[in-house]
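When a ligand or atom number is given, it counts from 1 through the structure's own listing order. Computed over heavy atoms, backbone and side chain alike; hydrogens, waters and symmetry mates excluded.
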Amino acid sequence: MIQKIKGTMDILPAETPLFRYIEGIMREEAENYGYGEIRTPTFENTELFVRGVGDTTDVVQKEMYTFADREENRSISLRPEGTASVARAIIENGKCSDTMPLKYYYIISCFRHEKPQAGRSREFFQFGTEMFGSESPAADATAISLAASVIRRLGLKNVKLHINSIGCRECRPAYRSALVSYFESKKEKLCDTCKTRLDKNPLRLLDCKNPDCHEIAKDAPKTVEHLCPECEEKFKTLCQALDAMKIEYVIDSSIVRGLDYYTGAVFEFIAEGIGAQSTVCGGGRYDGLVESLGGPALSGIGFGMGITRIVLAMKEQGLDNVSGKRPELYIAALGSSAVIKAMEIAERLRRAGRYAECDIVGRSLKAQMKYANKIGAEYTLIIGDSEIECGKAQLRNMTDGSQREVEIDSFTM
Ligand code: ATP
Ligand code: MG
């Protein structure tokens, strides 16, 4: 038996309606906020993620699915996230000189070689949005409001918004040295990865999952205490905007985001009750990204929402009762000419856009009626030799059991 790859999932028809319901709300909300859908390739040159996500991140160092293409000297990776690809696409398609802001959304699968567990898989689904060309905190508030609005419409409770600011290129050096001197004094207790991060990207230490590092990071200097006046002002304005929009949040200095390109405002939505992998949405500002990929200096703000974690939260809160379409009509047929007649009626209804089914496995009448019940048909029509002869049959309402006679050849619903 060949089995699926560890950390991937089969989503069967019993569950796809829930996914589609969630994704439908994501699409609708994104479009109500003026975001257009973008589709980019599933794989890209590895270099894009090394530069766009950052070579000191866990994603690039440990989690990417990277392979050599058949063409020589080319390394390719399955996308571990969506932002770098969208940034590449806007540069490559000449969008950087369009009217700002640019707003894009996507629903994609991403690939990361992580330890599979509840809420963490190797192929996972993400709803992502990116906005380019506004440095205003109003843009940050808009992105956050969109994510909050999706969560609200899904009916999810107990999802808390945590926000922070990690500063810009101006305030980063001072903060960086404060961090380095703090962690230097505890260096021997850090994990090996963090020891190297201390030189390359000390901010990453705040995000380390190693329990020792995590404990040490708790008392580290906070970004919000080292912001330049401009970043401080922007963060204040963001908070005011959220207050005015009645979007509840907590300021949480431990939110620093795992990817290298973040600057300024960062945020996460954390769901209670779904276990350790509780961040259902993470995002922030990435003002240096487009430039670092060879485009103009163009600011950006976006987020990624983990659809599988949203599904877990929906299940946990009993919001997963979303079922697929029920057949409007099941035509039960007895005898070979009735079977042909049933096919003819089903075809007529389907061409009119209705959902009709008839027997195609040769069941007995009793078994067909049982099947009609199982698939939840709203109506059934029973056809045998005598019905064909008189051209009339009984249409039965499966909910209340009432029946009425219909003309077989002119019957539509
Ligand atoms: P985490 O800290 O949980 O590893 P992350 O910071 O690596 O998350 P992002 O890169 O910000 O995650 O991705 C955005 C969202 O995608 C996350 O908030 C989460 O909901 C979801 N996500 C990330 N990795 C996975 C995964 N391996 N399986 C399922 N969902 C994931
Ligand atoms: Mg991660």
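The backbone N or O of Ala217 lies less than 3.5 Å from no partner atom in the side chain of Tyr182, so there is not a single donor-acceptor pair.
By the criterion of a heavy-atom distance under 4.0 Å, the backbone of Cys281, and not its side chain, is placed next to ligand 1. The backbone of Val280, and not its side chain, has at least one atom closer than 4.0 Å to an atom of ligand 1 (non-hydrogen atoms only; backbone = N, CA, C, O). At a 4.0 Å heavy-atom cut-off, ligand 1 touches Arg309 through the side chain alone.
A cation-pi arrangement is present between Arg363 and Tyr371, with the terminal nitrogen or guanidinium carbon under 6.0 Å from the aromatic centre and inside a 45° cone about the axis.
In this structure, Gln394 CD and Ile382 CD1 are separated by 8.5 Å, a value rounded to the nearest 0.5 Å.
Every atom of ligand 1 with a heavy atom of Ser121 under 4.0 Å away is listed here by number and element: 26 (C), 27 (N), 28 (N), 29 (C). Counting atoms of ligand 1 from 1 in the listed order, those under 4.0 Å from a heavy atom of Gly282 are 18 (O). In summary, the atoms of ligand 1 found under 4.0 Å from a heavy atom of Arg112, numbered by their order in the structure, are 5 (P), 7 (O), 9 (P), 10 (O), 12 (O), 13 (O), 23 (C), 24 (N).
Backbone and side-chain nitrogen or oxygen atoms of Gln126 are examined, and one is located within less than 3.5 angstrom of a nitrogen or oxygen of ligand 1. Ligand 1 has no nitrogen or oxygen under 3.5 angstrom from a nitrogen or oxygen of Thr308.
Ring pair Phe127/Phe303: centre-to-centre distance below 6.0 Å.
With Gly306, Cys110, Gly119, Gly302 as candidates, the residue nearest to atom 29 (C) of ligand 1 on a non-hydrogen basis is Gly119. Nearest to atom 23 (C) of ligand 1 by heavy-atom distance, out of Phe111, Phe124, Phe303, Phe125, is Phe124.
Lys234 has no carboxylate O lying under 4.0 Å from a charged side-chain N of Glu232, or vice versa, which leaves the two without a salt bridge.
Side chains of Cys239 and Tyr249 form a contact here, defined as non-hydrogen atoms less than 4.5 Å apart.
Between the side chains of Ser299 and Glu135, not a single donor N or O lies within less than 3.5 Å of an accepting N or O.
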